[in-house]
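Heads up, the thing below is written out as structure tokens.
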Amino acid sequence: MLKEKYNEIESLTRSLAIPQWLESLRLADYILAEGYENTPAEFRAALKTGLAFSHAFYGEWADFTKKTMAASAGGFCLDESSVPASFAVAAFPCEYAAAPRLAAALMAARLAGTRHILAFSLGGVPTSQACAALELAGVEDIFTSNAQEALKAVTEMAAHCAWGRLAVLGAYGGEAEILWKSVLGTGLPIFAEQMPPIIEIQNNSGHNRQIIAWGHPDAREKDGLPPDVFYCAADSHHKGGAAPLTLGPGLEACWIHPGLDPGFFRQRFVHGEYFNDLHK
């Protein structure tokens, strides 16, 4: 039964097409190339390290996974399978410049095996930082639109194949927040980056502070709150306290979004039975 469901999703995914009207909103290749080339080589190299970091942490998921669990004490037999989402949309405001966070979101979708990955720069042409992240993550379908146009595209694709995902970066104002709140209640799984991160850098940690500042220009001050990421010296991650992410020197452009891993971009199915029913 689970394999049949996989075949159904695979068939719908293969027949899924990007709405034709979106072509007029497609980002010109030369703009993406210029943005990438305008990014200093040192920063591009740091982003590549971030992509490798994501690959090492998550690994690449198979097209179809299945596991069987027998809970003998409760008398249950459970089968769980998962397949890649049919499409993934990453949307962000055109002024969004947090390249490591955008790259991490795109990489999670790619490692999940998502075949159709679209990016929407809301309100205009993306920043050079965003262009670098999009180029290195291998995203080809990039559009400039407003929130309503992005919502229309997502809705039309979901109508053809409901197993899609939406990740909104920089959803703390403007078009990105409008898109995020418009999708709420539609049933489409959505991740929203609702606040920029709080960053703390340990004194004399050995990090390249220029790369950190370039990668997170919107970072917030601590103001008594625990950091979202603590950049620490080698072998001193224990000093990060409550920070969910601690990064040593050389990992300035690495990132992990809590709640936005390849599993978010997978469609899961569970089938359960009683042992007694299996032996009737």
Side-chain angles (χ1 to χ4, degrees), residues 43 46-58 88 90-93 95-112 122 126-127 129-130 132-134 136-137 165-174 176-177 179-181 184 189-265:
F43 297 159
L47 272 183
K48 292 176 183 178
T49 299
L51 297 178
F53 179 82
S54 293
H55 194 283
F57 184 69
Y58 292 124
F92 51 91
E95 65 272 15
Y96 192 76
R101 283 149 40 207
L102 176 57
L106 296 169
M107 195 63 175
R110 187 161 298 287
L111 290 172
L122 303 172
T127 62
Q129 293 96 321
L134 291 162
L136 289 173
R165 299 291 188 272
L166 172 64
V168 183
L169 288 306
Y172 29 85
E177 185 175 6
L179 175 61
W180 162 46
K181 292 184 176 179
L184 291 176
I190 180 172
F191 169 88
E193 183 188 49
Q194 299 177 38
M195 292 289 285
I198 296 173
I199 286 175
E200 182 179 359
I201 307 174
Q202 185 181 9
N203 291 331
N204 302 315
S205 65
H207 288 86
N208 186 324
R209 290 174 178 254
Q210 285 187 320
I211 294 177
I212 296 173
W214 171 82
H216 305 284
D218 56 349
R220 293 181 290 151
E221 298 292 332
K222 283 189 64 176
D223 291 331
L225 297 173
D228 296 296
V229 58
F230 180 65
Y231 293 95
C232 58
D235 299 324
S236 62
H237 62 276
H238 57 281
K239 295 182 180 180
L245 180 62
T246 57
L247 296 170
L251 304 182
E252 290 85 352
C254 298
W255 194 259
I256 292 174
H257 289 283
L260 188 64
D261 59 11
F264 173 80
F265 295 99

Heavy-atom pair with the smallest gap, counting every atom of Ala112 and Pro262: CB-O, 3.4 Å
Nearest atoms (heavy-atom pairs only) where Val229 meets Ala243: C-CB, 4.4 Å
Contact list for residues 248-262, test salt bridge (charged side-chain N to carboxylate O under 4.0 Å, His left out), sequence neighbours left out: none
Any side-chain donor near an acceptor of the partner, His257 and Arg101, under 3.5 Å: no
Donor-acceptor under 3.5 Å (His207 side chain, Gly250 main chain): no
Distance (rounded to the nearest 0.5 Å) between Phe230 CZ and Ile199 CD1: 12.5 Å
Pro189 backbone acceptor or donor facing Arg165 side chain under 3.5 Å: no
Short side-chain to backbone donor-acceptor contact, Glu193 and Ala171, under 3.5 Å: no
Contact check, side chains of Trp255 and Leu260, non-hydrogen atoms, under 4.5 Å: no
Set of side-chain hydrogen bond (donor to acceptor under 3.5 Å, both in side chains) partners for Glu95, sequence neighbours left out: none
Tyr231 and His216 aromatic ring geometry - parallel, tilted or perpendicular at 30°/60° bounds: tilted
Side-chain heavy atoms of Phe57 within contact of Cys254, under 4.5 Å: no
Heavy-atom closest pair, residues Gly170 and Ala176: O-CB, 3.4 Å
Leu102 and Gln129, any side-chain heavy atoms less than 4.5 Å apart: no
Parallel, tilted or perpendicular, as decided by the 30° and 60° cut-offs, for the rings of Tyr96 and Phe92: tilted
Contact summary for Pro249 and Gly206, nearest pair of heavy atoms: CB-O, 3.9 Å
